[in-house]
Amino acid sequence: MSACVHTRPHHLPQPHSPPPAPHRRFRIAGADLSASIAVFLIALPLSLGIALATGAPLQAGLVAAAVGGLVAGRLGGSPLQVSGPAAGLTVVTADLIHRYGWRTTCAITALAGLAQLGLGCLRVARTALAVSPAVVHGMLAGIGVTIAISQLHVVLGGTPQSEVIDNILALPAQLIGLHPAAVSMSALTLIVLLAWPRLPGRPGRLLRRIPAALVAVTGATVTASLAGLILPKVDLPSWGSHALAGLPEGPVLGLAAAVFTTMLVCSVQSLLGAVAVDKMVAARPGPEPRVGRSDLDRELLGQGAANIASGALGGLPVAGVAVRSSANVQSGAVSRNSTMLHGVFVVVAALLMVPVLDLIPLASLAALVMAVGIQMVSLHHIRTVTRHREVLVYAVTTLGVVFLGVLEGVALGVAVAVAVAMHRLTRTRITHEEKGGVHHVHVRGQLTFLAVPRLSRALHLVPQGAHAVVELDGSFMDHAAYESLQDWRTSHTAQGGTTELTGCRTGLRTSERTASAECHCRPWTPWRNHQCAMPSGAQGLRGGPSGDGASGHRTPDGIGLRNSETGAQGSGGRNAGGAGVDTSSDSGPSTGPAPAASGPGPGTSPALGPGTGSASGSDQGARSDPSTRTGAGAKADARSSADTNAADSLGGHELARGISAFQRNTAPLVRDELARLAREGQRPSQLFLTCADSRLVTSMITSSGPGDLFVVRNVGNLVPLPGEEKGDDSVAAAIEYAVDVLKVRSITVCGHSGCGAMQALLNSAPGDGQTPLGRWLRHGQPSLERMADDSRPWARLAGRPAADAAEQLCLTNVVQQLEHLHAHDSVARARANGSLELHGMYFHVGEAQAYLLGGAGGNEVFQHVPGTEELPSLA
């Protein structure tokens, strides 16, 4: 038989064909059912109240709620967003009914839905989110103010006017002629709305599951019925007399503007609501079932279809509603079934509950809608726009919506937002001053072609041959400004002058660079001589060369004409050592040598002995007695004293500058990851116990980020035996918390070269334990005794012996502290059940090389960790 003969049975599916789809039964999750009931109980009174506020037939609110749940819920792109008649559309709809009548308003709603379908097909939904948030918040606030003022008349027992100004002018007369029955039911509704969410205790938590709006309206209805109060109530006509959409009648331009306004408000509110729902779903605690993110273009199509259906059936305009969507998410909904079920419940209520709904006092519904309108003026939004300096845009939009109308107010707000943005772009301050023979040109703001004439005038004030410092304090420079600056710099240096260009985003190679007060550290900068430049009066204090004033930073070859400085990918700091940083920002050579890192650091107390850093012993002896130094040495001491004073005065500013640089550059990269950790809590995999030495940056050495390591640092990376800390159980408490609570899977004890604590142990003498440092270092005595025990093999580095006694003690100390860990009960229990591993590590600072302990007992060898994926065994 040929090998090519097909022998498989013909009834089997082809290898690349999809498997037959299994028969799926329609199922509704219990969470969706409970969430739909909660949303329905909120939607029912709100739909009636919004219909009342617009002046439409009350049944129109129920039609819009049902269509929003069934049509938008099934076709929309946001599974958990609930659509229906929204308070944000109240003013628009009321104005349309007043101008064109109810049937034409229904036709406008359907045409607005058709326009939404067109936008959805063009896939431009994301464009709507480009509207300034200040404009959106201002629009909602203006609508809320308008609703509250108009419904206040109904609350007082009167009838609202069509215009805001008329309602304001009529308030005094309305207050004089108020109706006590209407006011009492309105007051009862408002009191329940405010008090219900604040019920205390466990009974309060159970009762708060019932929506406050339903309780408030039900309470007012029952009270009015039992008391026999005579006041206007809901009057739902029979569905046989329900008015459907008619042909639009009116001026073409007016109708077009009405369609555009309805479409704009519905679309923006729905799209912003979908984004907000995504954030609420992501913030839900617990192992919730996965809910897909919103498809904004599909959401726009769903909203368009819902508005077409609602308009054709005689309903109000439909949009995503924040109150109902929030209730849906918080009730635990997991799919769009909850939204659709709520629509089904609205249909059932509209058909079967008409006698009950007719008992609701109109004053109670008006109070409910007025409360919603007041809540639309959000203090949180006001604080946000204030923080971003957009109060003017917010205020103009709000006032425009209140006194001119929604479309006019939004257009006015957009115009002001554009004007503010242009003003910020063109507002550039350029100053020139001379200090001590040095000419300073300071540019504050964005450097664009509009500022080139002023920049040119300021630069030409610098005389030929002079030293000039150009400070660029901005985040953007366009090509025209770049060329102007480069041409002047080339000309000035050709005439014998020197230039220095400084600023956090300049990125210029300079012919001569002095230290400045600006911070040049960038997010995830490669750790090569990483330090911030200091003012010239404090040169040399941060490890850079003090003679030439080099800041120790690598300088790129040219100006980067982009806002973003870094190409770091992801958030959470997983790109250790600067991986992912834009190479255009760090392509040049270092301007200063890396500081020496070998040998222990300088002594900080008599117990630590003399410092043994990069300075020689003779030089240290000369420095110790100023009286023996003359000439250049005395001048150096004077400079050192002045530098120390300068450092003291700038110490507080360094911290603020560093934090500011983090907020500006690094925080945007890690904010999402830190937000996730804030929601989920810390779940580190390791306890990393190391020395407090400032040269050990644990996240850099281990390529870890936020939430990865639970770090404990102390002098000498010591682990006192249980009960030996004499009243200070900080290390033992950290070990117990990491093992028993955080459930870490490993503990690493990390020593390092040049450890001042180990040097102090070697130089210690009887009676040195009288200071806090001396008493702490007594926990390292077992390491000294272990090293002196000839019966035990010495811990060593693979491939070479220890450089000196201090390095030998550092290695021995790591092994000894691992033994101390075994004595802790929590560690012993975790080791016994196999859930915890212990590791030893040694880091040579001068070589930037890590070593891992490869064994214990007779094989205490620290293995070299290569720079490849093949890591040594940690057994």
Side-chain angles (χ1 to χ4, degrees), residues 47-65 67-68 84-119 139 142-143 146-147 149-151 153-154 159-167 235 237 239 241-270 303-319 369 400-412:
S47 300
L48 294 172
I50 292 172
L52 174 67
T54 60
L58 296 182
Q59 287 172 324
L62 299 177
V63 171
V67 171
L89 296 163
T90 302
V91 176
V92 176
T93 310
D95 183 62
L96 293 179
I97 294 174
H98 176 71
R99 289 188 183 185
Y100 303 109
W102 171 240
R103 292 171 62 87
T104 299
T105 300
C106 293
I108 291 172
T109 300
L111 292 174
L114 192 62
Q116 285 181 297
L117 284 181
L119 291 179
M139 177 190 73
I143 292 173
T146 304
I147 292 173
I149 293 175
S150 64
Q151 293 307 296
H153 285 272
V154 184
T159 303
Q161 305 295 320
S162 59
E163 298 293 336
V164 177
I165 297 179
D166 294 337
N167 282 322
D235 183 15
W239 286 101
S241 61
H242 179 65
L244 302 179
L247 294 176
E249 298 178 358
V252 176
L253 291 179
L255 292 175
V259 170
F260 178 78
T261 303
T262 305
M263 180 269 297
L264 175 67
V265 177
C266 289
S267 301
V268 172
Q269 183 168 340
S270 299
Q303 295 292 334
N307 274 310
I308 292 175
S310 181
L313 295 176
L316 293 171
V318 172
V369 177
V401 169
V402 171
F403 294 106
L404 300 178
V406 175
L407 184 60
E408 294 84 354
V410 170
L412 194 58

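As the structure is a computational prediction, the values presented were derived from the model and not from experiment.
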Item to check | Side-chain donor/acceptor of S270 to backbone N/O of S267, under 3.5 Å | outcome: no
Checklist entry - Within the side chain of S150, is there an N or O that forms a donor-acceptor pair under 3.5 Å with the backbone of I147? => result yes
My understanding is that only residues two or more places apart in sequence, or in another chain, count here; which of them pass side-chain contact (heavy atoms from CB on, under 4.5 Å) with [X]?
X    : value
V259 : I108, L111, A112
V154 : Q151, P160, A366
A411 : none
I308 : L114, L117

Which pair of heavy atoms, one from [X] and one from [Y], lies closest together, and at what distance?
X    : Y    : result
A312 : A110 : N-CB, 4.4 Å
C106 : G314 : SG-CA, 3.7 Å
G55  : I97  : C-CD1, 4.2 Å
L62  : S47  : N-CB, 4.4 Å
W102 : G315 : CH2-O, 3.8 Å
I149 : N167 : CG2-CB, 3.7 Å

Checklist entry - Can you name the salt bridge (charged side-chain N to carboxylate O under 4.0 Å, His left out) partners of R99, sequence neighbours left out? => result D95
Checklist entry - Pick from L316, V318, V67: which one makes a side chain to side chain contact (heavy atoms under 4.5 Å, CB included) with P85? => result L316
Item to check | Sub-4.5 Å side-chain heavy-atom contact between P251 and Y100 | outcome: yes
Checklist entry - More than 12 non-hydrogen atoms from neighbouring residues, nucleotides or ligands closer than 6.0 Å to CD on E249, yes or no? => result no
Next on the checklist: Suppose the criterion is side-chain hydrogen bond (donor to acceptor under 3.5 Å, both in side chains): which pairs have a residue in residues 304-316, not counting sequence neighbours?
Outcome noted: Q116-N307
Item to check | OG1 on T261 to CG on L89, rounded to 0.5 Å | outcome: 11.0 Å
